[in-house]
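Working notes for the structure below.
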There are 2 protein chains.
Amino acid sequence: MDDAEGTARHGHGGRRAELYDAIRDDGQELAASLIQLLHAAAETSHLNPTDFQCLVLLRLGEPLSPGEIAARLKLATGTVTSVVDRLERQGLVQRDRHPDDRRRVVVRPVDPPAGDGDADGPEGPGGPGILPGFREPMMDLHERYSEAELETIADWLHRVGGVLRTFADRAR
Amino acid sequence: MDDAEGTARHGHGGRRAELYDAIRDDGQELAASLIQLLHAAAETSHLNPTDFQCLVLLRLGEPLSPGEIAARLKLATGTVTSVVDRLERQGLVQRDRHPDDRRRVVVRPVDPPAGDGDADGPEGPGGPGILPGFREPMMDLHERYSEAELETIADWLHRVGGVLRTFADRAR
DNA sequence: GACGAGTATCTTGATTTCCGAAATATTGAC
DNA sequence: GTCAATATTTCGGAAATCAAGATACTCGTC
């Protein structure tokens, strides 16, 4: 079904296949880099990988309950208690009881404050200093592209995110 | 690079800023999904997160020495010995001595064979079944785009990979 | 050739993290 | 008001991780 609409074998359609491969290879390389980055960032934060990843999840998304964290990180619920304990002890997160359902606890990141690390302006939602110094090179990179191209990139990113989220959700 | 310098404040240049934000937000969401996916995939592989991430690194890149793995994953060298022991015991990697420098060991993934999980054709270099069933939705997704757009995406992915790799390398 | 400095991997014992199951607290239905 | 259901925490044991020392190999120098 690859060449479904017929394009993949359209004379010089090999170009298209090349692009698929390039995107896949670059994507994999990027994933590998991300893994290493995850550990490097944890290291510099003086956090163990699990605690750090938990914190990233909270900062990049919405507040989560311990049970949710356990499900997403595939940890035992008891483990999450320890993780949140450690993060809370360091003042990085905060436990609040759910207003409606008081057996629930919501874990919220604390002090998500100033910018992306190299910017001091008010940062966007959920985007605190996970990766200090990352913003600038990305801005530089994006200057290379036209508005239309950025449109394409944003669209693609959004859709890939959807695919990945579907995958992540399915595994629960 | 088209209207390079002055565009970000060009009357309705707000559109550009919007796109920057969208790319950042979607990118972060994607990173969060990737973290969850990492643990889910480890779970289904019956591997602990560290072992799994080590395996991914080996499969997605070139064979690495234990010392290299330790540096990239920020682990003690002794830990890597255990990790590789476990992976080797399960037949997932293989230790080879370096031909020239025999105190060195190179860890190579074993049996990287058939496809991406849902494809049976010969898979590309280093791209075994890390994520079964991922190929198809991605192919479907990419059919939405023109060749020129794919060109843009591939280019962007490649360059972002470069930025991330720089970051990962710097932390060593 | 053999010696010593330098480098890479592998052991070992102590510490930390993680899991699994039972205990506690709260809700919602009957 | 009682009881089943759900969510979090506690607790002991197992596993993974670290730090430092031991071992093995290479390379430059004599």
Side-chain angles (χ1 to χ4, degrees), chain A residues 35-36 38-58 62-90 92-108 172, chain B residues 35-36 38-58 62-90 92-108 172:
Chain A
I35 290 179
Q36 300 175 53
L38 223 50
H39 290 266
E43 175 96 344
T44 62
S45 303
H46 305 287
L47 258 38
N48 76 50
T50 303
D51 292 3
F52 179 76
Q53 285 170 36
C54 174
L55 186 59
V56 169
L57 233 54
L58 292 172
E62 64 221 323
L64 262 33
S65 75
E68 262 297 301
I69 297 174
R72 300 202 186 200
L73 257 35
K74 303 290 173 192
L75 297 170
T77 60
T79 303
V80 175
T81 299
S82 311
V83 171
V84 175
D85 280 349
R86 287 192 291 267
L87 290 174
E88 195 174 35
R89 202 175 308 134
Q90 299 177 59
L92 295 170
V93 304
Q94 169 183 345
R95 263 187 255 243
D96 289 328
R97 295 218 86 89
H98 195 285
D100 302 333
D101 188 345
R102 275 210 312 249
R103 69 207 146 144
R104 270 192 186 147
V105 172
V106 290
V107 184
R108 292 193 314 114
R172 293 171 60 179
Chain B
I35 291 178
Q36 300 175 53
L38 222 51
H39 290 265
E43 175 97 345
T44 61
S45 304
H46 305 285
L47 259 37
N48 76 48
T50 303
D51 293 3
F52 180 76
Q53 285 170 36
C54 174
L55 187 59
V56 169
L57 234 54
L58 292 171
E62 64 221 322
L64 260 34
S65 76
E68 261 298 300
I69 296 173
R72 301 202 183 200
L73 258 34
K74 302 292 174 190
L75 297 171
T77 59
T79 303
V80 176
T81 300
S82 310
V83 172
V84 176
D85 280 350
R86 287 191 292 267
L87 290 175
E88 196 173 33
R89 202 175 309 133
Q90 299 177 61
L92 295 170
V93 304
Q94 168 182 344
R95 263 187 253 243
D96 290 327
R97 296 216 89 89
H98 196 285
D100 301 333
D101 188 344
R102 275 209 312 251
R103 69 205 147 147
R104 268 192 187 147
V105 172
V106 290
V107 184
R108 293 193 313 114
R172 294 169 60 181

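Quick note on labels: first sequence line is chain A, next is B, and so on, each numbered from 1.
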- Query: Starting at CG of B:Asp85 and ending at P of C:dC10, how long is that distance when rounded to a whole Å?
  - Reply: 7 Å

- Message: What's the closest nucleotide to the side chain of B:Arg104 if the choices are C:dA8, C:dT26, C:dC10?
- Response: C:dA8

- Step through the shown structure and confirm whether more than 12 heavy atoms of other residues, nucleotides or ligands are within 6.0 Å of CZ on B:Arg102. no

- Query: Does any donor-acceptor pair link the side chain of B:Arg103 with the base of D:dT26 at a separation under 3.5 Å?
  - Reply: no

- Message: Using the side chain to side chain donor-acceptor pair (under 3.5 Å) criterion, which residues pair with A:Gln90? Sequence neighbours excluded.
- Response: none

- Could you tell me the separation between the CD atom of A:Glu88 and the P atom of D:dT8, rounded to a whole number of Å? 14 Å

- Item | OP1 or OP2 of C:dC10 under 4.0 Å from side-chain N/O of B:Arg95 | yes

- Query: Nearest heavy-atom pair of B:Pro49 and B:His39: which atoms, and what distance?
  - Reply: CG-ND1, 4.0 Å

- Message: Please report the distance, rounded to the nearest Å, between CG in B:Asp101 and C1' in C:dT9.
- Response: 11 Å

- Item | Euclidean distance, atom CZ of residue B:Phe52 to atom P of D:dA16 [Å, nearest integer] | 16 Å

- Task: Using whole Å, report how far CG of B:Asp100 lies from P of C:dA8.
- Result: 15 Å

- Of all the choices, C:dT26, C:dC10, D:dT9, which nucleotide is nearest to the side chain of A:Val105 once you look at every atom? D:dT9

- Query: Is B:Gln53 reaching over with its side chain to a backbone N or O of B:Leu73, donor-acceptor style, under 3.5 angstrom?
  - Reply: no

- Item | Nearest-nucleotide pick for B:Thr77, side chain only, options being D:dT26, C:dC10, D:dT8 | C:dC10

- Item | Minimum heavy-atom distance A:Thr81-A:Arg95, with the two atoms named | O-NH2, 4.0 Å

So which protein nitrogen or oxygen atoms get under 3.5 Å of nucleotides 17-19 of chain C's nitrogens or oxygens?
from	atom 1	to	atom 2	distance (Å)
C:dT17	OP1	A:Asn48	ND2	3.4
C:dC18	OP1	A:Thr50	OG1	2.4
C:dC18	OP2	A:Arg86	NH2	3.0
C:dC19	OP2	A:Ala76	N	3.1
C:dC19	OP2	A:Thr79	OG1	2.7

- Item | Partner of B:Cys54 by side chain to side chain contact (heavy atoms under 4.5 Å, CB included), out of B:Asp51, B:Leu57, B:Leu58 | B:Leu58

- For the pair made of CD1 in B:Ile69 and P in D:dA16, what is the distance, rounded to whole Å? 17 Å

- To the nearest Å, how far apart are B:Arg89 CZ and D:dA15 P? 11 Å

- Query: What pairs with A:Glu62 under side chain to side chain donor-acceptor pair (under 3.5 Å), at least two apart in sequence or on another chain?
  - Reply: none

- Message: Could you tell me how far apart B:Leu47 (CG) and D:dA15 (P) are, to the nearest whole angstrom?
- Response: 15 Å

